[in-house]
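The block underneath contains the structure these notes are about, expressed in structure tokens.
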Amino acid sequence: MSATPDVMTAFTSGLADINLTESAAPRNGEKAAGMKSASATIYDMAATLSGKGDLWNWGMYDRELAEEIRARVPGFGEPWTDGFSEQLYFLALRDLPIDLDDYAGRTVLEVGCGMGEGLNFLSRIVPGAQLTGLDLSPKAVARASATLARGESLRFVHGDAEDLPFEDGSVDVLVNIESSHTYPDLGKFLREAARVLRPGGHLSHIDVFTKQRTATMRQAAKETEGLEWIADNDISDRVRAAVRRRMAPGSHFRTMLGKQRMNPLMRQVVAHSQILMFGGMFAGYQPPSTIKVLSKLGIVPWMSGLPMESYRHQIAVRR
Ligand SMILES: C[S@@+](CC[C@H](N)C(=O)[O-])C[C@H]1O[C@@H](n2cnc3c(N)ncnc32)[C@H](O)[C@@H]1O
């Protein structure tokens, strides 16, 4: 499958509507449905092209956190990952007021789980928990189910964040990482989160925000009954630190790319598009001169993406 120009246009214009307009963005109807369908197609394609162990978030870098992870998961890290994307997952649970050693029997739901690698990583952090991942991309879910699922302890289902297929009060912890910026109706997702969480349960929400989306989030958070917001942490600097490390010569990302068979020019183009996709603009990336020339000729995209203002971790408790 390939994403046709129509799908790309629906996705990028949907993203702009959602993230650059505060109130006028279509929350339902044809345009919102078109955005969701484009999103599923694009992440289906990503699931087909991604390698084993790939996560799809920008990551964060915090040396202390990395050490905490290594203390819990001996041998974590190289050669299979730089660990930055996993650090965001670790943060999602580590900053909740629940001891990481006290997860046995708790239900953890990740909404927007991609190919499930992040949730699989969390299963090593909190053994004994029952983890479920949900995603809009059928291929991502199929891949996660085929390669990672382990009975009741780690399972994956297809579904929509705005219409969760779970019973009221059935979830202890709901994790949502770098996914909600594509949801047409953020308020609907928060209401669904409040519905499926049991009293005392926690929502751990991590995402990147434009100025307008911050305002939408604040409004939606205020309007959602049953959720009490207990933290709103700006983690932008730590995310930028990870993106810059990924871009640097000799990084894990560069080394992996270097192993792929392609000519040097193509390698630069692939590196450029991946850097743009994984937060390059947010971290101040400047393309090399070859890419600038190719951009002027219209052969590769110039700086694409939305003007993201901050990357945040927000936590709510279900009352
Ligand atoms: C940038 S990826 C992040 C994936 C994963 N959380 C990670 O950090 O690697 C965004 C994910 O959100 C999913 N997604 C987008 N819209 C969704 C929706 N309405 N319901 C559920 N998942 C959705 C996409 O299919 C994709 O897998």
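The structure displayed is predicted, hence computed values, not measured ones. Whatever order the structure lists ligands and atoms in, that order sets their numbers, starting from 1.
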Is the closest heavy atom of Gly159 to ligand 1 under 4.0 Å?
-> yes
Heavy atoms from other residues, nucleotides or ligands near CZ of Arg63 exceed 12 (cutoff 6.0 Å) = no
Considering residues, nucleotides and ligands other than Met262, do more than 12 of their heavy atoms fall under 6.0 Å from its CE?
-> yes
Within 6.0 angstrom of Lys211 NZ, more than 12 heavy atoms from elsewhere = no
Return yes when Ala140 approaches ligand 1 closer than 4.0 angstrom through a heavy atom, no otherwise.
-> no
Sub-4.0 Å atoms of ligand 1 with respect to non-hydrogen atoms of Leu55 | 9 (O)
Side chain to side chain donor-acceptor pair (under 3.5 Å), paired with Asp232, selected from Arg312, His313, His205 = Arg312
May I ask you to identify the nearest protein heavy atom to atom 23 (C) of ligand 1, giving residue, atom name and distance to one decimal place in Å?
-> Leu136 CB, 3.6 Å
Distance-only side-chain donor-acceptor flag, Asp234 / Ser310, under 3.5 Å = no
When you check the side-chain N and O atoms of Trp56 and Ser85, is any donor under 3.5 Å from an acceptor?
-> no
Arg254 and Asp82 ion-paired at < 4.0 Å = no
Protein contact to atom 9 (O) of ligand 1 [nearest heavy atom, distance to 0.1 Å] | Trp56 N, 2.8 Å
With heavy atoms only and a cut-off of under 4.0 Å, state how Ala161 meets ligand 1: side chain, backbone, both or neither.
-> both
Protein contact to atom 19 (N) of ligand 1 [nearest heavy atom, distance to 0.1 Å] | Asp160 OD1, 3.0 Å
Mark yes or no for whether Thr107, through its side chain, and Ser170, through its backbone, hold a donor-acceptor pair below 3.5 Å.
-> yes
If you draw the axis of the six-membered ring of Tyr61, does the NZ or CZ of Arg245 fall within 45° of it and under 6.0 Å from the ring centre?
-> yes
Is there a heavy atom in Glu178 that sits closer than 4.0 Å to ligand 1?
-> yes
Proximity of Phe121 and Phe90 rings by center, below 6.0 Å = no
From atom 13 (C) of ligand 1, work out which of Asn57, Asp135, Asp54, Asp44 has a heavy atom at the shortest distance.
-> Asp135
Heteroatom distance test (Ile177, ligand 1): nitrogen or oxygen, under 3.5 angstrom = yes
Less than 3.5 Å between some nitrogen or oxygen of Tyr183 and one of ligand 1, yes or no?
-> no
Specify the protein heavy atom at minimum distance from atom 14 (N) of ligand 1: its residue, its atom name, and the distance to 0.1 Å.
-> Ser179 OG, 3.6 Å
Residue and atom name of the nearest protein heavy atom (relative to atom 5 (C) of ligand 1), distance in Å to one decimal | Tyr89 OH, 3.2 Å
What atoms of ligand 1 come closer than 4.0 angstrom to any heavy atom of Glu110?
-> 6 (N)
Give the contacting part of Thr182 toward ligand 1: side chain, backbone, both or neither, where contact means a heavy-atom distance below 4.0 Å.
-> side chain
Got an N/O contact under 3.5 Å between Gly112 and ligand 1?
-> yes
